[in-house]
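See structure below.
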Amino acid sequence: MWEFAPGGVVEPGASPAETITTELYEETGLRAAGEPTHVALIYDDVLRTWEIVFRLRIAASGDEPPTSEYAELRWYAADDLPSPLSPVAEKMRRLLQPR
């Protein structure tokens, strides 16, 4: 199933915003342009965890990711997402606003 990248666990002493910008680079090779904006808190029924959802602006196209956590990474338009989406990604889809 498709999901949104990046994702990660907030470690003790780190802020959610620091974690998401670090995970963005580690998982995709992309860098954030400015601070991430918190947009929602969503419960993941499958993993039984709370997901903090951020909106990120990208500074540049980036390099190869330092880690390979995904089999495939792709950009999609908000109105043309792939399927099937994971259950939590399906919840996040409702937050997307065409720009």
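This structure is a prediction, so every number in the text was calculated from the model and none was measured. Below, all heavy atoms of this structure are taken into account, side chains as well, without hydrogens, waters or symmetry copies.
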Does some side-chain heavy atom of L56 sit less than 4.5 Å from a side-chain heavy atom of L30? no
Which atom pairs, one a donor and one an acceptor, fall under 3.5 Å between side chains of residues 39-46 and the rest of the protein, sequence neighbours left out?
residue	atom	partner	partner atom	Å
D44	OD1	V46	N	2.9
D44	OD1	L47	N	3.0
D45	OD2	K91	NZ	2.9

Output a table of donor-acceptor pairs, distance under 3.5 Å, between side-chain atoms of residues 75-90 and any protein atom two or more places apart or on a different chain; print 'none' if there are none.
residue	atom	partner	partner atom	Å
Y76	OH	R74	NH1	2.9
S86	OG	A89	N	3.2
E90	OE2	R93	NE	2.9

Ignoring hydrogens and angles, tell me if any N or O in the side chain of T21 forms a donor-acceptor pair with the backbone of E18 under 3.5 Å. yes
Between I58 and L24, is the side chain to side chain contact (heavy atoms under 4.5 Å, CB included) condition met? List the steps. CA-CA 10 Å; I58 303 304; L24 175 69; 3.9 Å; yes
Can you name the residues that form a side chain to side chain donor-acceptor pair (under 3.5 Å) with T37, not counting sequence neighbours? none
Donor-acceptor pairs are to be reported for all side-chain atoms of residues 1-12 against protein atoms at under 3.5 Å, with residues two or more places apart or in another chain.
none

Residue set satisfying side chain to side chain donor-acceptor pair (under 3.5 Å) with E23, at least two apart, ordered chain then number -> none
Does any non-hydrogen side-chain atom of I52 lie less than 4.5 Å from one of H38? yes
Which atom names give the shortest non-hydrogen contact between A14 and T19, and what distance separates them? CB-OG1, 3.8 Å
